[in-house]
Amino acid sequence: MSETQFGTGCHLHLIDGSAFIFRAYHALPPLTRKSDGLPIGAVAGFCNMLHRYVEGNTGPDAPTHVAVIFDKGSHTFRNDMYDQYKANREAMPEDLRPQMPLTREATKAFNIACEEIEGFEADDIIATLAVQARKAGGKCTIISSDKDLMQLVGDGVVMHDAMKNKHIDREGVFEKFGVYPERVVDVQALAGDSVDNVPGAPGIGIKTAALLINEYGDLDALLERAGEIKQPKRRETLINHADQIRLSRDLVKLDDAMDLPFRLEDLEVLDPDPEVLMPFLAEMEFRTLTKRIAAQLNVEEPVIEDKAPASDVPALEAVPFDQATYEHVSDAAALQTWIDLIYTRGYVAVDTETTGLNDMTADLVGVSLCVEAGHACYIPLSHKAAGGDDLFSDDTLADGQMPFDQCLKMLKPMLEDPSILKIGQNMKYDAKILARLNIDVAPIDDTMLMSYAMHAGLHGHGMDTLSERYLGHTPIPIKPLLGSGKSARTFDAVPVAEAVPYAAEDADITLRLWQVFKPLLHQSQVTRVYETMERPLVPVLTGMERSGIKVDRDTLSRMSNAFSQKMAGLEDEIYEIVGRKFNVGSPAQLGEILFDEMGLEGGKKGKTGKYSTGADVLEDLATEHELPRRVLDWRSLSKLKSTYTDALQTHINAETGRVHTSYSITGASTGRLSSNDPNLQNIPIRSEEGRRIREAFVAEQGKTLVALDYSQIELRILAHIANIPALKQAFADGHDIHAMTASEMFDVPLDEMTPDIRRQAKAINFGVIYGISGFGLARNLRIPRSEAQGFIDRYFERFPGIRTYMDDTKTFAKEHGYVQTLFGRKIHTPNIGAKGPQAGFASRAAINAPIQGTAADVIRRAMIRMPSAIKNIPAQMLLQVHDELLFEVEDSAVDDLIGAAKDVMENANEPIVKLDVKLTVDAGQGNNWAEAH
DNA sequence: ACGCTCACG
DNA sequence: GACGTACGTGAGCGTA
């Protein structure tokens with residue numbers, strides 16, 4: 001090939017590679033390669049942009065020479081000048097890191113020169129090349145919108161903002177900086193840059209900087225004559241920070257005289273070689289792009305195999321489960337071998353064995369690891385020696401275990417290493433156990449959450465279920481190891497030899513599940529749900545659960561006593577009425593007394609042959625007899641005492657003095673969380689007596705509890721999804737939504753609204769969310785069924801979008817077997833086509849799921865964004881109750897917290913879902929949860 | 001282990 | 001035309 005000397009008539013294009021990559025990364029959802037789940041979204045976007053760029057390069061401005069310039073390494077000569085340079089930079093996203101080398105490969109595949117130099121930023125290389133091109137008499141176009149490059153513009157060098165498709169010349173730079181390119185560095189030196197952490201002069205921005213530079217000519221003149229500045233503050237700033245400003249100039253000034261190991265001539269534009277490009281695109285499995293480019297180059301399109309994952313991945317089936325292959329690691333040398341192996345892989349499945357099920361109290365007993373199917377180990381750490389009945393043998397450790405601290409010290413760097421992916425099944429549990437030992441496990445993948453993203457509504461997501469369904473393997477049961485009932489023991493009492501196969505197998509199963517799920521995730525189109533609404537929730541919940549909430553034992557204890565006394569009084573009255581003692585808490589005994597002995601009407605037996613004595617039944621009976629009311633009162637006290645005032649005390653953690661719930665991410669099929677051990681999502685509020693239990697949930701001294709809750713979020717989402725103009729308008733106007741519904745339905749003007757009519761409309765509004773039926777509404781409102789049906793007909797008539805939504809949703813569910821939230825979460829509805837009453841349940845659940853699920857997605861997104869939004873506020877997020885978040889805040893920061901957290905919550909749908917109805921959040925605060933709400 | 005009842009959104 | 005029915009949870013208790 002003949003080489004053209006670079007000179008007049010030549011045109012060099014320089015592409016800012018990092019800018020391309022980050023734009024590609026953020027513009028696309030987290031796509032993964034189908035065959036193996038490799039994150040590939042940024043590479044895909046990068047290739048598309050590169051291709052579009054090449055395609056658009058025709059006409060007089062087409063390049064004769066071109067290169068993509070990348071940054072290399074994070075340490076540059078600027079860090080030696082100023083150690084804080086770019087120190088604020090957020091770490092590269094986990095799923096982007098492995099894509100960086102692929103973007104270089106992509107560039108070469110397109111036959112475009114690809115340059116990077118250790119210790120220099122791409123900007124310096126670009127500067128050097130631009131200056132060389134200018135000196136040689138050619139033109140240069142820099143494809144970037146980075147303002148740091150604007151100092152290069154002029155005299156044949158222009159910039160091109162590919163995003164806005166706009167050229168930036170000398171005038172464009174003046175527009176941006178208020179000075180021409182040769183003075184841009186001076187302005188930047190004064191204004192500083194928070195993104196790159198260039199200090200500049202405090203209090204001086206671009207506007208002021210340009211003003212000063214234009215007045216004094218240049219930075220040196222300005223600093224020399226700073227004393228002449230009239231404004232005292234500005235003058236002081238410039239005099240006091242002169243050194244810092246000069247340093248800033250050195251930081252922003254690009255090095256345009258580097259020694260480059262290549263020449264301009266090496267960058268000559270070349271046609272892509274289909275022999276190189278096509279295989280690359282095929283390897284990346286970019287189906288559309290491969291097809292398009294093959295057509296343009298007029299070559300045959302390579303075959304991209306549709307590698308089906310799951311059961312027919314042969315590699316997975318080829319390795320049978322074999323307990324004999326599991327390794328017992330008992331010393332540092334063996335552990336080091338495993339750690340080295342993990343580093344060569346970049347990922348590892350991890351499982352912990354502990355002394356219990358509560359991750360706030362259980363102790364670590366051992367750790368298992370797995371790097372590939374069948375290759376797993378168990379590291380026992382605190383198994384106890386079998387000591388028989390000897391009381392003193394309890395603390396003796398079993399043989400074959402390495403020292404606890406030594407093991408953790410070795411594992412910690414790996415578990416915390418951002419380049420090693422830790423895979424777990426319900427990682428929140430293991431992460432919390434390890435967090436209590438001062439190990440912050442990250443980054444993580446979680447097979448339970450992957451299954452949830454793909455299979456919610458289909459089946460559970462426990463390891464046993466998943467292993468049987470997706471690996472065809474029944475795991476070793478834990479029961480025989482631990483025993484049950486009186487002879488039950490904890491895992492530390494299990495002999496090491498028995499523990500190894502059980503524990504190692506769990507890690508083996510987890511790794512295999514991950515291999516199966518990773519490609520399926522993308523195929524099910526739930527990668528975004530998993531990556532943005534499941535995986536990032538784990539560290540957030542870990543933080544909340546570990547924080548816990550302070551609960552005042554004395555308050556609960558006093559309430560328990562008061563409830564006891566009242567119950568005793570009621571019991572006396574009840575026995576008096578009945579004529580003998582019996583167990584008031586036994587629905588069976590009560591039913592017989594009410595309906596057989598006393599002969600009250602309305603007794604209905606359920607399928608177990610027992611009378612129903614639920615609250616609604618007793619409520620009806622209360623009008624004709626005095627007993628049911630007493631029982632109702634007794635029951636409500638009994639509930640408050642046993643479930644709350646008594647049980648909560650037992651949940652106060654001995655170490656922290658606080659109550660730590662555990663959230664289940666996969667508990668509810670709709671995307672809601674559930675709370676257990678204890679459940680803090682059902683603390684009483686509806687009755688005054690119950691509400692007072694919230695007084696026991698308190699803030700620490702000097703702190704305040706702040707409750708933020710979404711106002712009518714489900715109805716707002718319904719108004720949006722079902723597209724009900726009247727509802728939307730009412731929310732936009734801030735009207736009372738139930739009163740508006742009532743007015744619309746019953747033709748009652750708003751100013752004549754009665755509480756009773758409003759109450760009925762409210763019941764209908766909620767009924768709609770639940771998949772309304774005449775029967776259900778009738779029972780709820782205690783009105784004849786025909787009347788209830790009339791209300792519903794009327795409602796549909798006035799808001800026809802509701803009926804359409806319900807019908808469409810049912811049709812979609814029948815066709816696809818699932819329904820979706822606005823954010824793409826899938827909720828499966830396997831019973832939708834069933835015969836019999838199941839079908840009714842399934843269709844109402846299908847109607848409710850997108851509404852409840854979308855609301856759940858919104859608050860999940862808010863929670864995930866919360867930690868970074870409040871990181872500078874002395875506040876902790878403690879609890880989530882479906883549409884409410886509870887915080888504990890230092891007294892002085894309450895307003896800051898409310899401002900920041902409310903903003904996050906009200907915009908949590910953005911940017912991927914636009915709502916026609918705005919989300920509103922109400923705030924409350926106080927020393928206890930009753931006051932805060 | 002299971003159903004009933006009832007606490008919450 | 002009949003059949004059952006509001007959606008989603010977790011916990012304590014009685015009873016098998």
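Letters go in sequence order (proteins before strands), and every chain restarts at 1.
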K.L.:
Please give, in whole Å, the distance from B/dC8 C1' to A/Tyr663 OH?
P.N.:
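Going from OH in A/Tyr663 over to C1' in B/dC8 covers 12 Å.
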K.L.:
If you look at every heavy atom in A/Ala930 and A/Arg691, which pair is closest and at what distance?
P.N.:
O-NH1, 3.4 Å
K.L.:
Establish, with yes or no, whether the OP1 or OP2 oxygen of B/dC8 is under 4.0 angstrom from a side-chain nitrogen or oxygen of A/Arg686.
P.N.:
yes
K.L.:
Once you round it to whole Å, what is the distance between C1' of C/dT9 and CG of A/Leu680?
P.N.:
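Between C1' of C/dT9 and CG of A/Leu680: 14 Å.
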K.L.:
Check A/Lys566 with A/Asp633, please: is the shortest side-chain N to carboxylate O separation under 4.0 Å?
P.N.:
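A salt bridge is absent here (no side-chain N lies under 4.0 Å from a carboxylate O).
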K.L.:
Does NZ or CZ of A/Arg844 come closer than 6.0 Å to the centre of the six-membered ring of A/Phe841, within 45° of the ring's axis?
P.N.:
yes
K.L.:
Please assess A/Lys428 against A/Asp359 for the test salt bridge (charged side-chain N to carboxylate O under 4.0 Å, His left out), listing each intermediate value before the final yes or no.
P.N.:
CA-CA 9 Å; A/Lys428 178 157 70 68; A/Asp359 51 27; 5.1 Å; no
K.L.:
Would you please classify the geometry between the A/Phe595 ring and the A/Tyr611 ring as parallel, tilted or perpendicular, with 30° and 60° separating the classes?
P.N.:
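Correct class here is tilted.
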K.L.:
Angle between ring planes, A/His738 versus A/Phe766, binned at 30° and 60°: parallel, tilted or perpendicular?
P.N.:
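Plane angle between 30° and 60°, so tilted.
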K.L.:
When both hydrogen-bonding distances must be under 3.5 Å and the geometry is Watson-Crick or G-U wobble, what is C/dA2 paired with, if anything?
P.N.:
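In the structure as shown, C/dA2 has no Watson-Crick or wobble partner.
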K.L.:
Check every strand shown and say whether A/Ala855 touches a base, only sugar-phosphate, or nothing at a heavy-atom separation below 4.0 Å.
P.N.:
nothing
K.L.:
Give a yes or no on whether a salt bridge exists between A/Glu797 and A/Arg794, defined as a side-chain N under 4.0 angstrom from a carboxylate O.
P.N.:
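The answer is no: the pair does not qualify as a salt bridge.
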K.L.:
Can you find a pair of side-chain heavy atoms, one from A/Ser664 and one from A/Asn676, that are under 4.5 Å apart?
P.N.:
yes
K.L.:
Nearest-Å distance, CD (A/Gln681) to P (B/dC6)?
P.N.:
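After rounding, the gap between these two atoms is 21 Å.
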K.L.:
Rounded to whole Å, how long is the line connecting atom CG of A/Asn848 with atom P of C/dG8?
P.N.:
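Interatomic distance, CG of A/Asn848 to P of C/dG8: 6 Å.
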K.L.:
In whole angstrom, what separates A/Lys479's NZ from B/dA1's C1'?
P.N.:
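Answer to the nearest Å: 11 Å.
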K.L.:
Assess whether atom CD of A/Gln565 is packed by more than 12 heavy atoms of other residues, nucleotides or ligands within 6.0 Å.
P.N.:
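Atom CD in A/Gln565 is not crowded, with 12 or fewer foreign heavy atoms closer than 6.0 Å.
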K.L.:
Give the B/S/- string for nucleotides 10-16 of chain C, one per nucleotide from 5' to 3', where a protein heavy atom under 4.0 Å of the base yields B, of only the sugar-phosphate yields S, and otherwise -.
P.N.:
BBSSSS-
K.L.:
Using the P atom as the reference point in each nucleotide, state the distance between C/dA6 and B/dC4 in Å, no decimals.
P.N.:
13 Å
K.L.:
A/Tyr452 OH to C/dT9 C1': how many Å, rounded?
P.N.:
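Interatomic distance, OH of A/Tyr452 to C1' of C/dT9: 11 Å.
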K.L.:
Considering only heavy atoms, which members of residues 770-807 of chain A lie under 4.0 Å from some atom of DNA chain C?
P.N.:
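Hits under 4.0 Å, by residue number: A/Tyr770, A/Ile772, A/Ser773, A/Phe775, A/Leu777, A/Arg779, A/Asn780, A/Arg785.
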K.L.:
Give none if C/dA16 has no partner; otherwise give the nucleotide forming a Watson-Crick or G-U wobble pair with it, both distances under 3.5 Å.
P.N.:
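Per the H-bond distance test, none.
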K.L.:
Grab the CZ-P distance between A/Phe697 and B/dC8 for me, whole Å please.
P.N.:
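Rounding to the nearest Å, CZ of A/Phe697 and P of B/dC8 are 13 Å apart.
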K.L.:
Have a look at A/Phe841 and say if it touches a base, only the backbone sugar-phosphate, or nothing, with a 4.0 Å heavy-atom cut-off.
P.N.:
sugar-phosphate
K.L.:
Side-chain contact test, heavy atoms from C-beta onward, threshold under 4.5 Å: evaluate it for A/His459 versus A/Ser451 and give yes or no.
P.N.:
yes
K.L.:
Once you round it to whole Å, what is the distance between P of B/dA7 and CG of A/Asp633?
P.N.:
11 Å
K.L.:
Say you pick atom P in B/dT5 and the same atom in C/dT5; how far apart are they, in whole Å?
P.N.:
14 Å
K.L.:
Check every atom of C/dC7, B/dG9, C/dG8 against the side chain of A/Arg844 and return the nucleotide holding the closest atom.
P.N.:
C/dC7
K.L.:
Scan A/Ile685 against the nucleic acid and name what it touches under 4.0 Å (heavy atoms): base, sugar-phosphate only, or nothing.
P.N.:
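It contacts sugar-phosphate atoms only.
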